[in-house]
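Let me begin by presenting the structure, written as structure tokens, before commenting on it.
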Amino acid sequence: MRLLRTDTLELVEFVGRVPPYVILSHTWGPDEVTFQDLSQLSKTALRKKAGYAKIAGCCARAIQDQYEYVWVDTCCIDKTSSAELSEAINSMYRWYAESDICYAYMADVAAADETSHQLLSDTSSVSSSRRDVGSPPKAAFRTIPSILREYDKLPRTFEHSRWFTRGWTLQELIAPPLVEFYDHDWQEIGTKYSLRNIIAKVTGIPIWVLEGADPSTCHVAERMSWAANRQTTRVEDAAYCLLGIFKVHMPLIYGEGHRAFYRLQKEIMKTTEDYTMLAWGLSKYLSNKHHWKGVNNGDPRRPLADGPIDFEEHNRNLWTYARLIPDSNIDYGTSNASSPALMDDTPPLITSRGLRVTLLLRPARKASQQLQGGRNGTTPVNSGEFHAYINCKTSRTSSVKDPLLPVCLVIRPELKRSCSSSSNVYTGSDDPDSAFVLLDNPAELAQFSRQTIYLSTASLDDALGNLNHRMSSLSKNLYILDKPPALRPGGSTHPAWKITSCHSHAVGSGPGHGHYEVPRKFTAAGLFQPFELPPYSVRLFAFELPTSQASDLSDSAFGIVIGNGWCDVISLNDAEFQAKWGTLVRNGKWNEVNALKYIQFACSAYHHPGQGASTTTIPHARHSIGSNGEGLEEPHHGISSKRPKDRVVKKVGFGGLEVAVKLKKVRRVDINSESAIRIQWSAIVI
């Protein structure tokens, strides 16, 4: 393990016993200081790198806390060595857990005002002294100005920080015994303990885990749900960042795409017999927001998830995976040999036929119990469907008063593997509305029989190949807005566009989500920085001319709407547009209410054509023209009907301007990403 000296910024390698150290948790940005930079660049050259200030601030904070060493992932790992990188990622959870303090640096959180730094209640029981170097954490946390701050006194951007959206920061939040949060200016916001109630609301992590309980006290599906709305730059890292959370190890294979998450689930099955893994998508089913990814519409539901997003909790107020209870030994008033308590003698196992599991099965029947056909009342409604009890129970809502009901998968024999109807290879339902069944009467389990079956993963290979192919498209990269000519070295200074931006993203990422965050405004400093654009997200850039230049161009203000693999142009000053949506922005100042309404519409109109709008075209994107057959040549279509391309071109003419926008994939060597999408634009006076 390499550690960085806080006084000289020199790397020191330790084998075996490691001295006390502080560890940094942060989000990557452009121009980070790497392992090679520390050994090859001079101190003067290092200070010019954008990531240097973050490391310097971390070391300065550690010196105040009387620590000699810090660990920072950007520069303490030689990422050019695949062996070292693999060892580091498999050890990272332990490194964070063994640190004395973890500094969680939130570069996008503004400094709080003075009133928010006042103590709100007596802190006499909290130690106010700094710990001695290397001393173990004390039972009580130090007194800091914000330790007992109320929720509404926090900086407004704390809970909206990018830090809460990254995959790697999940383990960096859970593993360390002490996490201290710092804003952009290294002013302390609070600790994991003092802010545990707020963090629990933001992340969905139970308070007792934030207080130090082992994450394994929560079942697999619940832990997966913590990562559902987090993103990673590399698709494989969505699996690798969860290794420590599930206490598993596996080799790193960058380039395997979503198969990494498939391998993660296989490793989890080797360490725990947890059938909640089969309940992915249950939250959407209970919320009536059904969707899963497949090669084609109507694909059977697969037994294993494609990624953490499949465990997303659509509405935590309605239902969470914490309400899914593993049914290890429960008495249903029957001594039937097929009772759940006796079914766990064959653990799940991935085989060439699929996932081998031992479950309780029975043919699917009508809920009314009035079965079709057969005088003896034993004929199933659909002779091809079965209910498979997955050894879990849940309530229909998050209310503790609701009864816990057995959860069953709807499956059917996969006859194509065999001409015999007695084949024990099954596939999931191809109808999202009937993927699961909750038994209203738990005593019905006495009618089930225990069987060892195979849940087919045949379609999984096709789907993973399809998803990996799409990783080369626009939908999985960082986006970067080109600077206007006036801001480029040697560029023209006319016209001098004033550019501002707001951004909003859906709380959920599946079709039908309608709840959006309040738009976030970006400062001029961060306007041209790389940004992520997850699915079902929209960012809107506004381009305005100063009043003196806009006199001859009454319709000069325009907006560029950037979605996940698509773009469009709107006329912000158009009379018809303002009559419908009002003024979105004027002089760089945004009307958040109007902007939110429009962004919601723009996202919905693209992803859900015909829903909530009379047309699928973004309003007032006039004279939309494709270029050389590339890009969006017709009004917007849903993602299912038109995949993002590696180059999208949009030309729009209105008023006295012709605006062109191009999304083009480029290589990026100065950020932690293989590629990025450059937003190239031009506005020409006609």
For the backbone of [Y] and the side chain of [X], can you confirm whether one donor and one acceptor N or O come within less than 3.5 Å of each other?
| X | Y | value |
| --- | --- | --- |
| Gln231 | Asn229 | yes |
| His258 | Asp306 | yes |
| Trp280 | Arg302 | yes |
| Thr351 | Gly354 | yes |
| Tyr321 | Ala279 | yes |
| Ser161 | Phe158 | no |

Answer yes if the side chains of [X] and [Y] hold a donor-acceptor pair under 3.5 Å, and no otherwise.
| X | Y | result |
| --- | --- | --- |
| Thr27 | Arg162 | yes |
| Trp163 | Ser25 | yes |
| Trp319 | Thr394 | yes |
| Thr358 | Thr452 | yes |

Considering all heavy atoms, the nearest [X]-[Y] contact:
| X | Y | value |
| --- | --- | --- |
| Ile207 | Ala200 | CG1-CB, 3.8 Å |
| Gln171 | Cys241 | OE1-O, 3.7 Å |
| Thr457 | Leu355 | CG2-N, 4.3 Å |
| Ser395 | Leu404 | N-CD2, 3.7 Å |
| Pro308 | Leu242 | CG-CD1, 4.2 Å |
| Ala602 | Val561 | CB-CG1, 4.4 Å |

Does the structure place the NZ or CZ of [X] under 6.0 Å from the centre of the six-membered ring of [Y], at an angle of no more than 45° from the ring's axis?
| X | Y | value |
| --- | --- | --- |
| Arg196 | Tyr193 | yes |
| Arg166 | Trp28 | no |
| Arg362 | Phe448 | no |

For the [atom1] atom of [X] and the [atom2] atom of [Y], what is their distance to the nearest 0.5 Å?
| X | Y | atom1 | atom2 | result |
| --- | --- | --- | --- | --- |
| Asn315 | Thr320 | CG | OG1 | 10.5 Å |
| Ile245 | Ser216 | CD1 | OG | 10.5 Å |
| Leu243 | Ile268 | CG | CD1 | 9.0 Å |
| Cys392 | Leu282 | SG | CG | 9.0 Å |
| Ile350 | Lys266 | CD1 | NZ | 6.5 Å |
| Cys408 | Leu278 | SG | CG | 12.0 Å |

Please report the C-alpha distance between His26 and Glu172 in whole Å, then the side-chain angles of each, then the deciding distance to 0.1 Å, and finally whether the side chain to side chain contact (heavy atoms under 4.5 Å, CB included) criterion is met.
CA-CA 9 Å; His26 67 110; Glu172 296 165 11; over 6 Å; no

Are the side chains of [Y] and [X] in contact, using a 4.5 Å heavy-atom criterion?
| X | Y | result |
| --- | --- | --- |
| Tyr454 | Asn424 | yes |
| Thr191 | Val179 | no |
| Leu359 | Asn391 | no |
| Leu438 | Lys393 | no |
| Gln265 | Val248 | no |
| Leu361 | Ile411 | yes |
| Met250 | Leu264 | yes |
| Val209 | Cys218 | yes |

Take Asp327 and Tyr275 through the side chain to side chain contact (heavy atoms under 4.5 Å, CB included) test and state the conclusion after the steps.
CA-CA 9 Å; Asp327 188 3; Tyr275 291 86; over 6 Å; no

Taking side chain to side chain contact (heavy atoms under 4.5 Å, CB included) as the test, write out the residues that go with Asp274, two or more places apart.
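Scan of Asp274 (side chain to side chain contact (heavy atoms under 4.5 Å, CB included), adjacent residues dropped) gives His219, Val220, Thr272, Thr276.
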
Under the ring-ring contact (aromatic ring centres under 6.0 Å, His included) test, which residues partner Phe261, sequence neighbours left out?
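So Phe261 forms no ring-ring contact (aromatic ring centres under 6.0 Å, His included) with any residue.
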
Listed by chain and number, what are the ring-ring contact (aromatic ring centres under 6.0 Å, His included) partners of Tyr105, not counting sequence neighbours?
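In terms of ring-ring contact (aromatic ring centres under 6.0 Å, His included), with neighbours along the sequence ignored, Tyr105 is linked to Trp186.
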
Are the charged groups of Asp310 and Arg301 less than 4.0 angstrom apart, N to O?
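Between Arg301 and Asp310 there is no salt bridge, as every charged N stays at least 4.0 Å from the carboxylate O atoms.
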
Using 4.0 Å as the upper bound for N to carboxylate O, is an ion pair formed by Glu180 and Lys192?
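Salt bridge flag = no for Glu180 with Lys192.
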
Phe386 ring center near Tyr426 ring center (under 6.0 Å):
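Ring-ring flag for Phe386/Tyr426: true, centres closer than 6.0 Å.
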
Considering only residues two or more places apart or on different chains, which pairs with a residue in residues 316-325 satisfy salt bridge (Lys or Arg N to Asp or Glu O under 4.0 Å)?
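Residue pairs with at least one partner in residues 316-325: Glu313-Arg316.
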
Among residues two or more places apart or on two chains, list those pairs meeting salt bridge (Lys or Arg N to Asp or Glu O under 4.0 Å) that have a residue in residues 212-230.
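The answer is Asp214-Lys247.
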
Side chain to side chain contact (heavy atoms under 4.5 Å, CB included) evaluation trace for Trp226 with Thr203:
CA-CA 6 Å; Trp226 303 341; Thr203 64; over 6 Å; no

Verdict with supporting geometry, Asn90 and Tyr240, side-chain hydrogen bond (donor to acceptor under 3.5 Å, both in side chains):
CA-CA 8 Å; Asn90 277 275; Tyr240 302 156; over 6 Å; no

Carefully, step by step, assess Ile198 and Leu195 under the rule side chain to side chain contact (heavy atoms under 4.5 Å, CB included).
CA-CA 5 Å; Ile198 302 165; Leu195 303 175; 4.2 Å; yes

Return the set of residues passing side chain to side chain donor-acceptor pair (under 3.5 Å) with Lys270 (not counting sequence neighbours), or none when no residue passes.
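Listed in chain order: Glu267.
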
